[in-house]
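Report on the following structure.
Because the structure is predicted, anything quoted here is derived from the model rather than measured. Values below: every heavy atom of this structure, side chains too, minus hydrogens, waters and symmetry copies. Note that ligands are numbered from 1 as they come in the structure, with each ligand's atoms numbered from 1 the same way.
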Amino acid sequence: MSRPLTVAVVGATGAVGREMLSTLERRNFPATRIIPLASSRSAGTTVPYMGGELTVQELKDDSFNGVDLALFSAGGSTSLAFAPKAVAAGCTVVDNSSTWRMDPRCPLVVPEVNPQALQNHQGIIANPNCSTIQMVVALAPLHKAAGIRRVVVSTYQAVSGTGQKAIEELEMQVRQMFNLQEPEAKVYPYRIAFNCLPQIDVFLDNDYTKEEMKMTEETVKIMGDANIKVSATAVRVPVFYGHAESVNIEFSKPLSAKDARAILSSAPGVQVYDNPEIKLYPMPIEAAGEDEVFVGRIREDFTNPNTLNMWVVADNIRKGAALNAVQIAERLVAEDLVRVTNRKAFA
Ligand code: 25A
Ligand code: L14
């Protein structure tokens with residue numbers, strides 16, 4: 001069934017785009033040709049691939065002729081403008097921006113959780129928000145066991161989620177402060193070095209941020225259960241790679257910490273790191289550069305019945321973005337879903 005493909009990466013020079021290229025390489029994705037695309041600013045520069053270099057081309061209306069599959073991570077406005085053009089050219093799109101996620105025409109997929117949503121796709125498949133992905137990988141097997149009613153989550157999110165410019169901003173501010181200079185904040189509204197910012201993305205009418213409401217809405221769509229309530233507080237912390245989350249989960253049935261540990265230990269894509277006796281728990285410095293979602297600090301919430309607490313950590317650029325997108329692409333190949341005839345939705 002697997003057939004060599006031409007694959008485009010849109011936003012190939014960015015933090016996520018580069019990781020997409022290295023993930024395709026690392027996982028031996030069956031591509032005969034890889035086309036790195038970015039804005040005119042980067043056209044002509046090169047990106048590393050398979051021990052060599054690929055020349056970046058400017059993203060244009062005709063970039064998708066002859067392309068089978070495109071992975072997009074160049075921001076929402078680029079996806080809005082170009083994903084329908086790619087589909088019209090016969091290409092299937094896996095999009096990492098938030099633009100298409102809640103669109104009923106687009107499956108929103110985490111392969112460990114809802115791979116079935118890929119059947120009947122119409123050309124654009126959405127990759128969920130990074131904080132949502134790592135949370136649902138850990139929640140889905142527990143939901144199956146005891147039925148989740150409500151989740152209260154606080155996130156500790158790395159700057160790499162915002163892209164290359166934010167990584168450079170944290171480095172620069174640390175250097176400036178070390179040299180007794182005034183740190184400059186351009187990407188974030190306030191200094192991020194040695195600080196925490198309880199704002200990710202813009203504020204909405206209900207005083208939650210957009211990032212927080214993505215976790216609420218995307219979780220319901222991915223888990224396929226409108227009764228799961230999620231209340232989130234999303235916080236930026238001065239970490240380069242790896243998002244962490246403190247998650248409080250109320251179930252409709254009792255579930256012991258011991259049983260939850262056992263369930264998560266055999267769950268796909270999950271590694272349990274949980275032993276207080278030897279101070280074993282997941283941390284961003286260890287999750288960075290890894291593929292799995294790490295879970296620890298699993299314990300019963302003694303203030304409420306049928307409720308557990310846990311701590312979930314993953315590399316936001318890998319499982320939170322590039323890896324999940326490539327895993328979706330792998331599923332499309334394995335199930336012979338790269339080419340679809342049902343493309344009128346985005347015409
Ligand atoms: O637009 P949004 O939705 O607000 O998204 C903002 C950013 O968030 C990141 C991603 O940054 C995105 O640009 N992002 C989005 N979703 C994400 C997710 N789920 C996410 N990050 C993590 N998880 P990024 O740095 O990772 O990637 C940016 C890539 O997108 C390319 N790009 C941007 N606009 C494009 C476009 N490609 C095609 N057409 C467009 N219109 C971008 O390529 C990069 O590959 P580039 O050529 O624009 O930039 C290459 C390098 O140039 C530097 N640079 C960026 N902006 C400027 C600049 N230099 C000078 N002037 C500028 N204005 C950067 O260092 C960049 O790496
Ligand atoms: O919706 O700045 O995928 O960390 C993920 C990264 C939103 C911004 C998304 C960040 C983005 C976010």
Within-shell test, Lys210 vs ligand 2, heavy atom, strictly < 4.0 Å: no

Below 4.0 Å, non-hydrogen atoms only: which portion of Arg101 touches ligand 2? Side chain, backbone, both or neither. side chain

Quick one: do Glu112 and Lys319 make a salt bridge, cutoff under 4.0 Å? yes

Which atoms from ligand 2 have a heavy atom of Cys130 less than 4.0 Å away? 5 (C), 6 (C)

Report yes if the side chains of Thr219 and Val151 come closer than 4.5 Å at any heavy-atom pair, otherwise no. no

Any N or O of Asp201 that comes nearer than 3.5 Å to an N or O of ligand 2? no

Could you list the atoms of ligand 2 found under 4.0 angstrom from a heavy atom of Arg236? 2 (O), 4 (O), 10 (C)

What I want to find out is whether Glu290 reaches Arg318 closely enough, with some N-O distance under 4.0 Å, to be called a salt bridge. no

Which ligand 2 atoms does Lys214 reach within 4.0 Å, using its non-hydrogen atoms? 1 (O), 7 (C), 9 (C)

Excluding Val237, membership of its hydrophobic cluster (Ile, Leu, Val, Met, Phe, Trp, Tyr; side-chain heavy atoms within less than 4.5 Å) reads Tyr156, Val235, Val239, Trp311, Val313

Any N/O pair Asn129/ligand 2 closer than 3.5 Å: yes

His243 N/O to ligand 2 N/O under 3.5 Å: no

If you look at every heavy atom in Ser98 and Lys214, which pair is closest and at what distance? CB-CE, 3.7 Å

Lys/Arg cation over aromatic Phe82: Lys85, 6.0 Å, 45° cone: yes

